[in-house]
Amino acid sequence: MVALTVLAVAAATLVNYVAAHAGPAPSTWRRDNLATRDDLEKRCGAELYARRLKRSLDVTEGVLARRGGVLPPRQTSSNDSTCFVTPEVTQGPYHILGEIVRQNITEDQPGIPLEVNIDFFDITTCEPIQVWVDSWHANATGYYAGYVAQTGGVVIGGFPGGGGGNGTMSLPPVSTATESLGPYSGADDPSAAAMLNTVTGDNSTFLRGVWQTDTDGHITVYSIYPGWYTGRSIHYHIKAYPEGEIADNGTFIATGGAVHTGQFFFDNETSAAAAAAYPYTENAIDWEDATTNEEDMWYPYQAATGYNAMMDITWVGEDITDGLIGTIAVGLNLTYASPELSTQYAEFDVEGYYESSMLPSASPTESSLSASATCSESEFV
């Protein structure tokens, strides 16, 4: 009886959570989406295709140089030349404001090195746009910095599918029909703040950070391949701000609102290969029981209107632990105000972080994957 009661409460919480921000698409969604895509394809299709092709060639040439002229062992490609706004998706319950401005967000987290390459462009002008990008994701075993006690092995005050950690309970996805969703169906609503503004439980900052794109709209972030937890497939969060500055303590100050909140996903084959490597093998949820993209409740929202929500992945070496390079393009509607529901701020020992070379003046900014973390047998949370 207790188990049934818990399940009923969790189900009600999930329904209320989804209803609070991911409403149904308008009745004209199909016509509007197709008309918008057709218009943007005519104006921006060639430009986006050229940018994606250039980025793919850059990645391939870089790996060729590292491998002595040998082609990458594996490389995925979306071959998507359509230019349209990247759908909005919930920030989840673990967004923290005022993170450290740094290109390498790894800190001491062990895992498969991941070089994240993102190209941002304005869907109105088809031109690249310079933005500040806030990135965060779970570590190899499903823990989020700032919420170590609430995530990972157990669900404490969380809810299934929303990022509440590794528990034994999961619910079916809200929807798997991406064609029934509009580009803003997954956007957060202010009424969801009570569930998404989760109070931090610790001052850790691993796998979190903010970095600015170059004037060509490109950003490279160094991290590790994310882990998984109950109800969610492997994903990587971002939030984009056109305006911002660096505080005296090396953290980010948004001087204007965000124009996009979203999540990147990864193909299941790459994730399965990662799951077989240490430290992902230490995840409390067996990979066989992990949520796939097709089962993930938020993947349909990020893939709405036909957007390819999965990063193109290139393997650096024959073994996945040699590292991965991910690329993706993000089309921004600069007139859109992406909701910010978190009031949590990063708090840490600034002096200690400087001494440990974890603030901007000493953070790695090399362009090679070797600047990222490497798999190690070091202790992890």
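Counting begins at 1 with the first residue of the sequence. Values below: every heavy atom of this structure, side chains too, minus hydrogens, waters and symmetry copies.
Thr213 contributes no side-chain N or O that, together with a main-chain N or O of Ile219, makes up a donor-acceptor pair within less than 3.5 Å. A side-chain donor-acceptor contact under 3.5 Å links Asp122 to the backbone of Thr124. The main-chain N or O of Ile100 is never found under 3.5 Å from a side-chain atom of Thr251 such that the two would form a donor-acceptor pair. Between the side chain of Asn283 and the main chain of Ala140, a donor-acceptor pair closer than 3.5 Å is present. Asn139 contributes no side-chain N or O that, together with a main-chain N or O of Leu207, makes up a donor-acceptor pair within less than 3.5 Å. When atom types are taken as modelled, the side chain of Thr255 and the backbone of Gly244 share a donor-acceptor pair closer than 3.5 angstrom. Judged by distance alone, the side chain of Asp202 and the main-chain N or O of Tyr147 form a donor-acceptor pair under 3.5 Å. Remark: the backbone N or O of Pro339 is not paired with any side-chain donor or acceptor of Glu88 at under 3.5 angstrom. Judged purely by atom type and a 3.5 angstrom limit, Ser342 uses its side chain to pair as donor or acceptor with the backbone of Gln344. A donor-acceptor pair is defined here as one N or O able to donate and one able to accept, closer than 3.5 Å; no such pair exists between the side chain of Thr141 and the backbone of Glu282.
In terms of heavy-atom proximity, Gly257 sits nearest to Tyr241 at C-CD2, 4.0 Å. The shortest non-hydrogen separation linking Tyr143 to Phe206 is O-CE1, 3.7 Å. In this structure, Ala290 and Trp228 approach most closely via the heavy-atom pair CB-CD1, 3.6 Å. The heavy-atom pair separating Asn203 from Tyr353 by the smallest distance is O-OH, 3.9 Å. Between Pro110 and Pro279, the shortest heavy-atom distance links the atoms O-CG, 3.6 Å. The minimum heavy-atom distance between Ile234 and Gly227, with the atom names listed, is CG1-O, 3.7 Å.
Between Tyr236 and Phe264, the two ring planes are parallel [angle under 30°; tilted spans 30° to 60°].
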Worked verdict on Tyr299 versus Gln263 for side-chain contact (heavy atoms from CB on, under 4.5 Å): CA-CA 8 Å; Tyr299 179 77; Gln263 301 177 24; over 6 Å; no

Check against side-chain contact (heavy atoms from CB on, under 4.5 Å), Trp211 and Gln103: CA-CA 6 Å; Trp211 197 246; Gln103 189 176 23; 3.6 Å; yes

Trace of the side-chain contact (heavy atoms from CB on, under 4.5 Å) decision for Ser135 with Ile238: CA-CA 5 Å; Ser135 301; Ile238 68 160; 4.2 Å; yes

side-chain contact (heavy atoms from CB on, under 4.5 Å) between Val116 and Met311, worked out: CA-CA 9 Å; Val116 178; Met311 300 195 83; 3.7 Å; yes

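Atom CD of Glu351 is surrounded by 12 or fewer heavy atoms from other residues, nucleotides or ligands within 6.0 Å. Around the CD atom of Gln130, the shell of radius 6.0 Å holds more than 12 heavy atoms that belong to other residues, nucleotides or ligands. Residue-environment remark: CG (Asp248) stays at or below the threshold of 12 foreign heavy atoms within 6.0 Å.
His260 has its side chain out of reach of Val131: every pair of non-hydrogen atoms, C-beta onward, lies at least 4.5 Å apart. Side-chain contact between Ile246 and Trp132: present, with at least one pair of heavy atoms (C-beta onward) separated by less than 4.5 Å. A 4.5 Å side-chain heavy-atom check between Phe266 and Leu114 finds at least one atom pair inside the cut-off. In this structure, Thr205 and Arg102 have side chains that are in contact, with non-hydrogen atoms separated by less than 4.5 Å. Residues Ile105 and Tyr222 are not in side-chain contact: their nearest non-hydrogen atoms beyond the backbone lie 4.5 Å or more apart. With a 4.5 Å cut-off on side-chain heavy atoms, Glu340 and Lys239 count as touching. Between Leu341 and His95 there is no side-chain heavy-atom pair separated by less than 4.5 Å. Put simply, the side chain of Tyr280 reaches to within 4.5 Å of the side chain of Ile224, judged on heavy atoms.
Using modelled atom types, one finds a donor on one side chain and an acceptor on the other under 3.5 Å when comparing His218 with Thr220. Side-chain N/O atoms of Tyr225 and Ser271 include a donor and acceptor closer than 3.5 Å. Donor-acceptor pairing under 3.5 Å is recorded for the side chains of Tyr144 and Tyr229. With hydrogens and angles left out, the side-chain atoms of Thr343 and Asn197 include a donor and acceptor closer than 3.5 Å. Inspection of the Thr291 and Asp296 side chains reveals no N or O donor paired with an N or O acceptor under 3.5 Å.
Note that the OG atom of Ser233 and the CG atom of Asp267 stand 11.5 Å from one another [nearest 0.5 Å]. With rounding to the nearest 0.5 angstrom, the OG atom of Ser223 is 10.0 Å from the CD atom of Glu107. Here the CZ atom belonging to Phe121 is positioned 7.5 Å from the SG atom belonging to Cys126, to the nearest 0.5 angstrom. One distance of note links OG1 of Thr281 with CH2 of Trp287; it measures 13.0 Å at 0.5 Å rounding. Note that the OG1 atom of Thr90 and the CG atom of Asp188 stand 3.5 Å from one another [nearest 0.5 Å]. Distance check: Thr270 OG1 to Ile320 CD1 gives 6.0 Å after rounding to the nearest 0.5 Å.
Each of Trp136, Trp298, Phe265, Tyr94 was scored for a ring pair (Phe, Tyr, Trp, His ring centres under 6.0 Å) with His237, with one residue passing: Trp136.
Ile253 and Val259 are not part of a single hydrophobic cluster, where members link through side-chain heavy atoms under 4.5 Å apart.
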